[in-house]
Amino acid sequence: MVRKSGAVRRPLKHCSQISALKQLSLLDRDSPEPPVIQIGPDESPGCTDRVYLHAAAIFQSSHLEKPATHRLISYGKRSEVSVPDARDEASQRAAYQLAFKTLKYHQLLEDVLMDSCFCFSHPMPDSSMSLVVVLLTDLLDRKFLPRRQSANQEAVKLVREVEACLLRFKTKLVASLARCRIKHDLLTLDRILPENIRHRQERETHLLLYTWINTLLSSVEEVSEVLHTSGFVRVKSVGQLEGRTFCKDQHCHDLLVFPNSVKRELSDTRLLSDCRLVIQDKSCCLGPCALHPLLAAGGDVLMAGCFSAQTVAHVSAAALSASAHTLTEGHTPNTYSQTVFVCLGDAPQSHKEELQNSLSKLGCKNVQLLSASLESLEVCDVRLLKVTVLFLMPACSLSAVSNPVDYIMQEKRDPRLLLDLSQGSVSPEKLQTLAAQQRKELQHAVHFPQVRAVLYSTCSVYSEENEEVLQTVLSQTQEDLPTAPPYSLSCPALLQDCSTEDEESEEMKSRFFTLEPSDHNNGCFLALLTRQLQPDVKETPQEVLARAAAKGLLDGLHPNQLIKKQPRGRRSHRAPANQRRSVKTRPHVTRSDQSLVAEFLNREMKASQSEPALGKSRIAAHFDKPTSSQCPSKSNLSRTDSAPSSAPFSSSHRLSRLVTAAVSTNDDHSSILVTPPPAVPKGRHEVLRPATISFPPVLFSNSVFPQRWSQAPPFHPSPTHSHMQWRVRTPPLFQAPSLFRGRLKQLRPWL
């Protein structure tokens, strides 16, 4: 009886072990989540050794570190981890999915390792424990079946040793997993996950495939023709998508929607390889589509935040499409091509080169990369003078994303976000950190004076990252910039085709655009901040001077004193009729002309001060060469403080003549603003030097005029004018003939 019972128990025991392996897999038969690697008829189960190392590095750099008192297993220091580069996209996707699955079941895997005493039986260094939990996750997925090694696979000794230890210990590991399942009363292992994560896994299997038409390399008509030639049929709505079908998205005009099962057939059309169609999530395509109507008025775009090369190329295509649409509508075309400026921050040089290569492949020619973050850019940067629209996509929690692995890979996001997405919630501390950074970036964005629209986009469902950030920034902006045009929330153009059911949702949608996560798409939040800039007012010089005089900036001068007008009686030489200009079209003195005049005057003043007195006397002698009797005596020189004779005109009088000559070239009837010479600083007094002015002699005889005129006493100035010497000498130069003497005497003097 004992032998019979023993013979009966052995096959029962073997059968129970096989059933336990089937039931204790991390992927149950009813679970909607696909396996890590799709195993085909010609493929070996499991991953390559490089994929395991890559997944272990991602897990070690993003897992939740517990306090030392509550830590069961140590995984080494994060600073010593370097995530290797994947050789191809398939290997990278497999590593990310395996690391994400390990993060979701992290607590369960630690309980299994501790309950089975694997850590005590096979002690390993801390840096290798991340590889242990990753390999345990994969072994539970493939029910502890050994991998079939191919000849071209590169073997890694550490991976093979850890896998062999786990396979030898599989019986105790499976038994420990069964005990944990009974302890938590789990029908399936996915029941240990939070409810929101289970719902997200269900939505992930139903997500649709979104692609936008790259108008930089193709057109809507060309892509539609290729799809129809390849056997694809266009339907009206996403509810009719099945098989080789596609439809247009209801929000974006250049977005095509396909079933997720036709990705391989779509690749055969070569639209994806030629970059005429670009696969990207809808939550990333809504922002560039919302920018399209904003760019129709012209101006450059500034992008900041977290985005991929596909998003930059989509914005570039939207800018060029808006310019082309403006031409077809008959509006005034832009005289320059719209540029898309991209803030890269402190990204490594390899990332910049990769981004530049991707943009070149996508056909972008109007993109300029900036090696600076948004916060480090000055609001008066000369490169951004034509920027009128700012697109901000800050780092967020990605709580509205249903396929985090595909999203992080496609948008080049931080892999450490997988931890929060695997737990189903974001810690309050991290949420506050993200919100503070978002407020800081948006606050700096609204300070650019020439920007008239700011588009804010996130993939979060938390109000702390969406509505509260906008309300805080708007209220703070009104306090910091009370005189600037205020920002206000505007309705994005995406809402034109959206219908609302009740008043509350209609009021909310009129301010924001919220796309809820569903079986068809991920979630997204959009907000548009706009303002009406004040037009440039052109003021006349009289208005500028009047306002300056009202503020007391002219130092007591009347505005009319600085305006030079030519008298009406004088008229200059008139130009021919074909060269005349009207008063309205004659240009005024520009700032560059005034600077040239000021430079000329300063140069002349310096030359007049350095010119020797001998040269000045020669200039005066050129006009009048008096005789020895006409030269001033020593007594006269004593009255003038024995100073050498200066120029006929003083420096101030010469400066006024130069200013008048510089301004006299303008129109006769137009008023010109003359820049006065710089005032003498207070506390300094300019001493005027005495000057002697000599007039030419009067060339008339004494016989021509009456006797009382010829013998008039000489003029003696008063002592108060001792610095001026007036001398009038009329020497007899000719004698009138005797025939006319009597006749000349009868003439009356001139009145």
Does the side chain of Lys282 come under 3.5 Å of the side chain of His251 through a donor N or O and an acceptor N or O? yes
Evaluate Asp126 against Ile73 for side-chain contact (heavy atoms from CB on, under 4.5 Å), listing each step before the verdict. CA-CA 8 Å; Asp126 295 343; Ile73 299 176; over 6 Å; no
Is the side chain of Ser373 donor-acceptor paired with the backbone N or O of Gly345 at a distance under 3.5 Å, no angle test? no
Would you call the rings of Phe232 and Phe258 parallel, tilted or perpendicular if under 30° counts as parallel and over 60° as perpendicular? perpendicular
Would you sort out whether Asp190 and Arg198 count as a salt bridge (Lys or Arg N to Asp or Glu O under 4.0 Å), showing the intermediate values? CA-CA 7 Å; Asp190 60 351; Arg198 296 200 304 268; 6.0 Å; no
Roughly how far apart are Gln438 CD and Glu468 CD, rounded to 0.5 Å? 11.0 Å
Can any side-chain N or O of Thr433 pair as donor or acceptor with the backbone N or O of Glu429 at less than 3.5 Å? yes
Got a sec: does the CG of Asp346 have more than 12 other heavy atoms crowding it under 6.0 Å? no
Can you find a heavy atom in the side chain of Glu411 that is under 4.5 Å from one in the side chain of Cys306? no
Before you tell me yes or no, could you show the steps for Asp138 and Tyr52 under side chain to side chain donor-acceptor pair (under 3.5 Å), namely the whole-Å CA-CA distance, both residues' side-chain angles and the distance that decides it to 0.1 Å? CA-CA 9 Å; Asp138 185 62; Tyr52 292 127; 2.5 Å; yes
Over all heavy atoms of both residues, which pair between Cys459 and Tyr407 is shortest? Give the atoms and the distance, please. SG-OH, 3.3 Å
Is there a donor-acceptor contact under 3.5 Å linking the side chains of Asn466 and Thr458? yes
I need the minimum non-hydrogen distance between Pro415 and Ser62, along with the two atoms involved. O-CB, 4.1 Å
Arg270 CZ: over 12 foreign heavy atoms closer than 6.0 Å: no
Could you state the interatomic distance from CG (Asn260) to CG (Leu207), rounded to the nearest 0.5 Å? 7.5 Å
Below 4.5 Å, heavy atoms only, C-beta onward: do Pro404 and Tyr96 meet side chain to side chain? no
More than 12 heavy atoms of other residues, nucleotides or ligands under 6.0 Å from CD of Gln349: is that the case? yes
Please tell me whether Tyr75 and Phe59 form a close aromatic pair, meaning their ring centres lie under 6.0 Å apart. yes
Polar contact flag, side-chain donor to acceptor under 3.5 angstrom, Gln310-Gln410: no
Over 12 foreign heavy atoms within 6.0 Å of CZ, Arg416: no
Asp414 side-chain N/O to Leu417 backbone N/O, donor-acceptor pair under 3.5 Å: no
Thr245 versus Gln240, side-chain donor and acceptor atoms under 3.5 Å: no
Would you mind reporting whether Leu173 and Leu113 have side-chain heavy atoms less than 4.5 Å apart? yes
For Val134 and Ala55, which heavy atoms make the closest approach, and how far apart are they? CG1-CB, 3.9 Å
Please say whether more than 12 non-hydrogen atoms of neighbouring residues, nucleotides or ligands are located less than 6.0 Å from CZ in Arg191. no
Under 3.5 Å, is there a donor-acceptor pair between the side chain of Ser360 and the main chain of Gln356? yes
Determine whether more than 12 heavy atoms belonging to other residues, nucleotides or ligands lie under 6.0 Å from atom NZ of Lys361. no
Rounded to the nearest 0.5 Å, what separation is found between the CG atom of Leu135 and the OG1 atom of Thr102? 9.0 Å
One pair to check against side-chain contact (heavy atoms from CB on, under 4.5 Å): Leu177 and Arg181. What are the steps and the verdict? CA-CA 6 Å; Leu177 181 61; Arg181 183 175 177 180; 5.8 Å; no
Does a donor on one side chain sit under 3.5 Å from an acceptor on the other, for Glu204 and Ser402? no
Value rounded to 0.5 Å, distance of CD in Gln60 from CD in Glu65: 9.5 Å
Quick one: does any side-chain atom of Glu265 pair with a main-chain N or O of Arg244 as donor and acceptor, under 3.5 Å? no
For Ser218 and Arg276, which I'm curious about, is there any donor-acceptor pair between the side chains at under 3.5 Å? no
Any salt bridge between Arg147 and Asp49, counting N to O under 4.0 Å? yes
From Leu136 atom CG to Leu109 atom CG, the distance as rounded to the nearest 0.5 Å: 5.0 Å
Is the closest side-chain heavy-atom distance between Ser230 and Asp268 below 4.5 Å? no
Crowded around Lys430 NZ? As in, over 12 foreign heavy atoms under 6.0 Å? yes
Quick one: do Leu64 and Gln423 satisfy side-chain contact (heavy atoms from CB on, under 4.5 Å)? Show the steps, please. CA-CA 10 Å; Leu64 179 62; Gln423 303 300 320; 5.7 Å; no
Flag side-chain contact, heavy atom, 4.5 Å: Leu286 against Ser457: no
Please test Phe118 against Leu166 for side-chain contact (heavy atoms from CB on, under 4.5 Å), starting from the C-alpha separation and ending with a verdict. CA-CA 8 Å; Phe118 176 83; Leu166 290 173; 3.6 Å; yes
Thr311 vs Met303 side-chain heavy atoms within contact, under 4.5 Å: yes
Heavy-atom pair of closest approach, residues Val112 and Cys180: CG2-SG, 4.3 Å
Is the closest side-chain donor-acceptor distance between Tyr210 and Asp249 under 3.5 Å? no
Gln432 and Glu464 side chains, donor-acceptor separation under 3.5 Å: no
Shortest non-hydrogen contact between Ala435 and Val469, atoms and distance: O-CG2, 4.3 Å
Closest heavy-atom pair, Leu421 versus Ile197, reported as atoms and distance to 0.1 Å, is O-CD1, 4.0 Å
For a quick check under 3.5 Å, do His206 and Glu202 share a side-chain donor-acceptor pair by atom type? no
Expected output: side-chain Ser399 to main-chain Val461 donor-acceptor under 3.5 Å: yes
With a 4.5 Å cut-off on side-chain heavy atoms, are Met124 and Glu161 touching? no
With the side chain counted from C-beta on, respond yes when Phe100 and Leu419 share a heavy-atom pair under 4.5 Å apart, and no when they do not. no
Gap separating the NE2 atom of His314 from the CG atom of Asn214, nearest 0.5 angstrom: 8.5 Å
